[in-house]
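Reading through the structure tokens given below for one structure.
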Amino acid sequence: MMDLFLSNTLSGKKERFVPIQEGKVSFYLCGVTVYDVCHIGHARAYVAFDTIRRYLTHLGYQVKFIQNFTDIDDKIIKKANEVDLPVNDITSKYIEAYFNDMRALNIKDATAYPHATHYVSQMIEIIEKLIDKGHAYVAGGDVCFSVPSFKDYGKLSKKILEDLIAGSRVDISHSKQNPMDFVLWKSAKPGEPSWPSPWGDGRPGWHIECSAMVLHELGETIDIHAGGADLVFPHHENEIAQSECLTGKPLAKYWLHNGFVTIQSEKMSKSLKNIISIQEILKRVSGDVLRFYLLKAHYKTPLHFSYEGLEEAQNAYQRLVDTIKNNPESNHSQLPEESIQKEVVDLEAKFHKAMCDDFNSAEAIGYLFELTKIINSTGHFHNILKNSGQLLGLFSQSILEDDVFSKEVLQLVEDRAKAKAQKEFAKSDTIRNQLIEVHGVTIEDTPSGSRLKRIRRTTAS
RNA sequence: GGCGGCGUAGCCAAGUGGUAAGGCCGAGGUCUGCAAAACCUCUAUCCCCAGUUCGAAUCUGGGCGCCGCCUCCA
């Protein structure tokens, strides 16, 4: 097996991947808080880690991939109040929307999708233990985690506790002993969803759910814990604090974080009203194209989203797809000369080397284009392109299937062929224009007959 | 203020010491009745300055510009 290297936020370095248990990978990905539809930022994160998960599987690892749903939270309650619906209706609606979006992006299902609300008793158990160990304290109906009680606090985000307090914008809550302390258990206000606990009715704080689900689904120390760059602090830092104070063991060996999607160099945010949902994108391009667009850049670098970029991706991706479709494997004709065969083997090796170098899909895709030239020149090796792309979650079967055209279109094609055969070129050209303008179909003449292609429109704006 | 990241052709984007992948767009060519597709050719010395080195986009120092985190956030 080729050595795999990945960027670990914890060490700040690229490290060789060595799983805790040979041949197996325990992988936890922070999922969505289900109070709204997913946007491009979500798409990027989930495409990135889906690709990583697929590649680990390709390398032969048995990957247990867990992704949670945060289905209890302030924002959900707020949303429920706004639209005057029960919390459950909100969460089930957006969970369904989540799966629709992910299917469009060809994201594989996780091994399991634990819901926070199903782990409340486990969270209470953890909180009790943290209180016993002196890492948490009861303050009214709340329970807070004592940040100064964990000497390694800040090791993931490289923050120094004193600096955090000095520049703190956190409300100095009366119940907190230290401004950096965070809530493990929140007492319920009237009308809010709540669960009974030793500290009265209430609900869990945000971070504790992941600690509980990681522990119960995967164990005390896992191989990979992943999420968006914005989760490094405070979410993952707090998870580490809770879990490591509880078990005395490292929570995760490797921490992976994807870079942000920005719009016109600004982070997407509700206040700037520049959030673009996945559904919005899918009105313009297929999920495959969006996936390709995201994979064209390395997952850790910032990505400046633009419709122009999306259009470019559409054109580039179409070329790859056409190359596969136009060059069906022919097993009777002779293979090209050895130097070309060697080049192909070489490109395939480079593809995998790039993927093993912190999942550099951008570089890897570059080799696919070089391969494309060889395929179009020789008519061979289309399977290598197809299989490599499919490792990245591209070229799903439906994309590679032939377009279906109406009888009307097929009749026009036949008419054009007849006109051409009789050298009535004015007529054949008229029909061709009609196909393009009226039916959105282009026609390509090849030695073995005409090839039809549906025009994919992407509107830049 | 603290921490982190980024600045490579018109645009997108790889490349972390050995002389700039790849894509989109554009130009010219081959093929074609003409096209389309495909193929071929062409388009950068890497934000600026100084330094280390036989050699730097890549390392060091100093600038300039942009962004993120430090508050909910993929």
Side-chain angles (χ1 to χ4, degrees), chain A residues 9 12 14 29-33 35-36 38-49 73-75 78 154 157-160 162-171 180 206 226-235 237 257-262 265-271 275 292-293 296-304 306 308-320 322-323 326-327 347 350 354 357 360-379 420 423-426 428-429 432-433 436 442-447 450-451 453:
Chain A
T9 308
K14 213 182 267 183
L29 173 61
C30 279
V32 282
T33 301
Y35 73 105
D36 208 344
C38 290
H39 51 67
I40 333 169
H42 294 110
R44 186 182 202 196
Y46 298 129
V47 164
F49 295 117
D73 163 274
D74 287 348
K75 291 189 294 296
K78 186 168 169 245
S157 56
K158 318 279 183 273
K159 292 186 188 304
I160 295 161
E162 289 73 40
D163 294 344
L164 280 170
I165 295 166
S168 178
R169 281 186 271 164
V170 180
D171 289 338
M180 288 318 297
W206 175 34
D230 54 333
L231 295 182
V232 174
F233 190 91
H235 184 53
E237 195 72 69
H257 293 99
N258 67 277
F260 255 76
V261 176
T262 58
S265 290
E266 272 179 323
K267 180 180 168 173
M268 281 191 291
S269 79
K270 298 244 156 167
S271 53
I275 294 200
F292 176 78
Y293 171 71
K296 241 160 48 67
H298 183 84
Y299 78 96
K300 281 190 80 71
T301 60
L303 178 71
H304 302 293
S306 72
E308 288 76 12
L310 204 59
E311 191 175 4
E312 182 206 306
Q314 162 87 71
N315 293 339
Y317 185 64
Q318 195 60 47
R319 202 169 135 221
L320 296 178
D322 286 346
T323 299
N326 295 346
N327 295 280
L347 284 171
K350 281 178 174 171
D357 183 13
N360 194 336
S361 57
E363 186 183 341
I365 285 172
Y367 301 125
L368 296 187
F369 279 98
E370 294 191 45
L371 191 58
T372 288
K373 268 183 203 167
I374 296 176
I375 295 170
N376 280 321
S377 302
T378 66
K420 243 174 67 110
K423 302 210 187 300
E424 294 174 31
F425 295 123
S428 71
D429 290 352
R432 183 169 63 200
N433 287 337
I436 294 169
T442 54
I443 191 158
E444 296 169 7
D445 294 337
T446 75
S450 297
R451 193 157 58 204
K453 237 168 71 180

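Letters A, B, ... are given to chains in the order of the sequence lines, protein chains preceding strands, and every chain is numbered from 1.
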- Message: Check this for me, if you would: do R319(A) and D322(A) make a salt bridge, where the nitrogen-to-carboxylate-oxygen distance has to be below 4.0 angstrom?
- Response: no

- Message: One thing to verify: whether D445(A) and K420(A) come together as a salt bridge, which I'm taking to mean a side-chain N less than 4.0 angstrom from a carboxylate O.
- Response: yes

- Within the modelled atom types, does a donor on one side and an acceptor on the other bring the side chain of E312(A) and the base of G23(B) under 3.5 Å apart? yes

- Using only heavy-atom distances, decide whether a donor-acceptor pair under 3.5 angstrom links the side-chain of D429(A) to the base of G33(B). yes

Nearest whole Å is fine: how far is [N] [atom2] from [X] [atom1]?
X       : N      : atom1 : atom2 : value
H298(A) : C12(B) : NE2   : P     : 19 Å
H304(A) : C24(B) : NE2   : P     : 22 Å
M268(A) : G68(B) : CE    : C1'   : 13 Å
K75(A)  : C72(B) : NZ    : P     : 9 Å
K423(A) : U32(B) : NZ    : C1'   : 12 Å
E237(A) : C69(B) : CD    : P     : 16 Å
L320(A) : G22(B) : CG    : P     : 14 Å
D230(A) : G5(B)  : CG    : P     : 17 Å

- For K158(A), does the NZ atom sit with more than 12 other heavy atoms under 6.0 Å from it, leaving out its own atoms? yes

- Side chains of D429(A) and R432(A) in contact at under 4.5 Å (non-hydrogen atoms): yes

- Is there side-chain contact between D357(A) and K14(A), with heavy atoms separated by less than 4.5 Å? yes

- Mark up nucleotides 35-40 of chain B, 5' to 3', with B wherever a protein heavy atom is under 4.0 angstrom from a base atom, S wherever such an atom reaches only the sugar-phosphate, and - elsewhere. BBSSSS

So what does [X] hit on the nucleic acid, given a heavy-atom distance under 4.0 Å: a base, only sugar-phosphate, or nothing?
X       : value
Y367(A) : nothing
F260(A) : base
A362(A) : base
G309(A) : nothing
G228(A) : sugar-phosphate

Euclidean distance for [atom1], [N] against [M] (whole angstrom):
N      : M      : atom1 : result
G18(B) : A27(B) : P     : 37 Å
U60(B) : C24(B) : C1'   : 37 Å
C48(B) : C11(B) : P     : 15 Å
A13(B) : C31(B) : P     : 38 Å
A36(B) : U43(B) : P     : 24 Å
G4(B)  : C54(B) : P     : 32 Å
C39(B) : U45(B) : C1'   : 29 Å
U53(B) : G17(B) : C1'   : 9 Å

Please pick, from [options], the nucleotide with the shortest atom-to-atom distance to any side-chain atom of [X].
X       : options                : result
K158(A) : C3(B), A74(B), G33(B)  : C3(B)
T262(A) : A74(B), C67(B), G33(B) : C67(B)
N258(A) : C24(B), A74(B), G33(B) : A74(B)
H39(A)  : A74(B), A13(B), C25(B) : A74(B)
N360(A) : A14(B), C3(B), G33(B)  : A14(B)

- Task: Find which nucleotide of RNA chain B each of L303(A) and E266(A) is nearest to by heavy atoms, and output the residue with the more 5' nucleotide.
- Result: L303(A)

- Note on the structure: Result for 5'-nearest mapping on RNA chain B, choosing between K296(A) and A313(A), is K296(A)

- Message: Can you tell me how far apart OG1 (T378(A)) and CG (N327(A)) are? Round to the nearest 0.5 Å.
- Response: 7.5 Å

- Query: For the side chain of E237(A) and the backbone of S157(A), is there at least one donor-acceptor N/O pair under 3.5 Å apart?
  - Reply: yes

- Pick one: which of N258(A), L303(A), N360(A) meets side-chain contact (heavy atoms from CB on, under 4.5 Å) with H298(A)? N360(A)

- Message: K296(A) vs E312(A), test: salt bridge (charged side-chain N to carboxylate O under 4.0 Å, His left out). Steps then yes/no.
- Response: CA-CA 11 Å; K296(A) 241 160 48 67; E312(A) 182 206 306; 3.1 Å; yes

- Item | Short side-chain N/O contact from T301(A) to OP1 or OP2 of G7(B), under 4.0 Å | no

